[in-house]
Amino acid sequence: MRLPDFGSFLKKLYYRACDIATNFIRTPVKATPSLLVKTAGPDAVNSVGDLRVVTMLTNTGNETLRLFNHPHTVLSRLPTDNFVISHKLSGARPAFTGVLVIYRPKASDNEKGYTVLAAGQTISVEHNLGQTYDFTNSGEGEYDISPRDVFYALNADSSISCFKAQTSSHTAKVSGALAVSPSRAMKFKRTTFNACNAEQRAVIQNAIQHATALVDNAVAHLQALFLPSPRYTTWFGAWDATRKALVTDHFLQIQTNNFEGFSYDCTCTDPDIWAYIDPDEFGKIYLGGEFWNSPVVGTNSQAGTIIHEASHFAVNGATRDFKYDPDDCRELAIDFPNKAVMNADSHQFFAENNPPLL
């Protein structure tokens with residue numbers, strides 16, 4: 001992942017916990033990784049903008065670790081939801097306001113996707129929690145701050161393992177300003193690019209055209225739908241008029257806020273990231289390394305990725321990432337249709353419709 005300026009963009013990004021990530025584990029772990037993660041920071045701050053903590057990661061095993069810079073871990077260089085923070089008295093948690101990212105770990109020779117820790121080695125990573133969490137509703141007081149303990153490692157045989165680290169928490173008193181002022185949301189009148197070369201611009205423009213066509217098709221299907229269809233139930237579950245109306249509204253909003261007026265940023269080079277958005281920057285999509293390796297249309301496509309990210313914006317439905325990948329999203333539709341209609345990948349796969357369903 002690129003090293004971002006936390007002050008220039010922030011917010012919301014995507015990950016999968018250990019139980020969701022089992023699809024990525026190809027072979028059993030031959031030796032259990034051993035990792036210690038300690039947290040340190042100020043005892044008290046008068047502004048959440050000063051709430052900076054340092055996590056120290058130590059490889060306590062006897063083998064070198066190649067750890068994914070997964071957005072669900074403190075190794076992420078983006079402002080992601082990689083801490084568990086709770087009020088010591090009430091148990092209330094601050095609202096997460098970080099970036100939302102499509103991320104799927106995979107074996108690769110690109111070292112930008114990993115952090116390598118030799119046996120006994122310690123590294124430190126700083127996190128500005130004020131850029132990632134809003135304490136307004138949880139209130140002033142002492143908070144326990146713990147790094148998430150699930151990590152992902154690339155094994156010698158190129159398989160991916162998921163394991164839990166030993167972690168320690170830090171306690172800090174938060175008072176005064178409980179939130180960092182967000183950047184001003186804005187709409188774009190025409191397509192703009194940041195750090196995109198001519199070839200990348202051409203790829204994006206082509207993906208925009210296909211994404212627009214996919215959304216138009218999705219809207220037409222939903223507006224003509226008065227009884228359940230295989231396409232609808234596969235991705236959104238059992239028929240319910242209220243849920244169907246909600247999904248229809250999402251796609252209508254995405255259609256109205258057309259992709260031609262968005263801004264596209266090409267500065268992210270992480271090989272495992274498709275894309276991410278900052279909810280305070282309406283219409284701006286950051287494209288990662290995996291985006292360029294994806295097909296224009298089809299499953300997990302460039303066009304679908306744009307739709308996925310667009311659905312995250314509040315005006316388009318404020319979808320979340322409860323599940324990734326087709327199989328998991330089909331299960332979500334069966335077991336939790338109320339979540340499926342708010343799941344970004346479910347919207348993406350419904351729009352991609354690959355293989356085609358009626």
Side-chain angles (χ1 to χ4, degrees), residues 1-4 12-39 55-61 63-84 98-119 121-127 132 146-167 267-276 286-294 300 305 321 323-325 328 345:
M1 259 173 237
R2 68 186 179 92
L3 291 172
K12 283 199 167 180
L13 158 177
Y14 279 38
Y15 56 79
R16 305 184 72 183
C18 194
D19 57 336
I20 302 176
T22 52
N23 287 337
F24 298 126
I25 302 175
R26 304 302 181 210
T27 61
V29 181
K30 300 189 173 47
T32 302
S34 183
L35 184 67
L36 175 64
V37 185
K38 294 183 177 180
T39 309
T55 52
M56 292 156 285
L57 297 88
T58 302
N59 181 355
T60 52
E63 295 183 1
T64 296
L65 292 176
R66 295 182 73 190
L67 302 172
F68 284 91
N69 298 327
H70 196 291
H72 197 203
T73 73
V74 293
L75 291 172
S76 173
R77 300 180 186 94
L78 293 168
T80 65
D81 192 13
N82 45 26
F83 285 86
V84 177
V99 298
L100 299 173
V101 167
I102 305 175
Y103 179 97
R104 301 177 181 94
K106 62 182 180 61
S108 168
D109 293 330
N110 192 328
E111 292 296 332
K112 291 182 179 180
Y114 315 110
T115 293
V116 180
L117 269 180
Q121 182 181 0
T122 297
I123 62 170
S124 297
V125 185
E126 182 177 293
H127 305 269
T132 316
S146 300
R148 296 191 182 274
D149 60 1
V150 175
F151 285 80
Y152 303 83
L154 181 66
N155 302 319
D157 61 359
S158 296
S159 63
I160 299 172
S161 61
C162 174
F163 70 97
K164 288 192 175 184
Q166 180 183 352
T167 63
T267 54
C268 178
T269 58
D270 190 299
D272 299 320
I273 287 179
W274 266 257
Y276 64 90
Y286 296 85
L287 302 172
E290 192 60 49
F291 177 84
W292 312 108
N293 297 324
S294 303
N300 287 325
T305 295
D321 287 313
K323 291 283 187 177
Y324 287 107
D325 296 325
D328 287 342
D345 248 9

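As the structure is a computational prediction, the values presented were derived from the model and not from experiment. The analysis underlying the following values was restricted to heavy atoms, covering all of them including side chains, and did not include hydrogens, waters or symmetry mates.
- For the residue pair S161 / N155, a side-chain donor-acceptor distance below 3.5 Å is found, with atom types taken as modelled.
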* For L35 and L57, what are the C-alpha separation, side-chain angles and deciding distance, and is it a side-chain contact (heavy atoms from CB on, under 4.5 Å)? -> CA-CA 7 Å; L35 184 67; L57 297 88; 4.2 Å; yes
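- Residues G289 and N293 approach most closely at O-ND2, 3.6 Å, considering heavy atoms.
- S294 and N300 form no side-chain donor-acceptor contact under 3.5 Å, judged by distance and modelled atom types alone.
- A 4.5 Å side-chain heavy-atom check between V37 and D149 finds every atom pair outside the cut-off.
- Once rounded to the nearest 0.5 Å, the distance linking CG of L67 with CG of L117 reads 5.5 Å.
- In this structure, F151 and V74 have side chains that are in contact, with non-hydrogen atoms separated by less than 4.5 Å.
- Taking each heavy atom of D272 and D270 in turn, the nearest pair found is N-OD1, 2.8 Å.
- Judged as a side-chain contact (heavy atoms from CB on, under 4.5 Å), and not counting sequence neighbours, the contacts of T122 are M56, T58.
- Using cut-offs of 30° and 60° on the angle between ring planes, the pair F68 and Y114 is perpendicular.
- In this structure, R66 and V116 approach most closely via the heavy-atom pair CG-CG2, 4.2 Å.
- Across every non-hydrogen atom of D345 and K323, the tightest pair is CB-O, 3.6 Å.
- Taking 4.5 Å as the limit, some side-chain heavy atom of T55 sits within range of a side-chain heavy atom of T39.
- Using a 4.5 Å heavy-atom threshold, the side chains of I273 and L78 count as touching.
- What you find for L287 and A275 is that their closest heavy atoms are CD2-CB, 4.1 Å.
- Contact annotation: the side chain of H127 approaches that of N82 to within less than 4.5 Å [non-hydrogen atoms, C-beta and beyond].
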**Request:** Check the pair W292 / T269 against side-chain contact (heavy atoms from CB on, under 4.5 Å), numbers first and verdict last.
**Result:** CA-CA 10 Å; W292 312 108; T269 58; over 6 Å; no
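- With contacts defined as side-chain heavy-atom distances shorter than 4.5 Å, the pair R148/V84 qualifies.
- The two residues G61 and A119 come nearest to each other via the heavy atoms O-CB, 3.4 Å.
- Between Y103 and H70, the distance from one ring center to the other falls under 6.0 angstrom.
- No side-chain heavy atom of F291 sits less than 4.5 Å from a side-chain heavy atom of I102.
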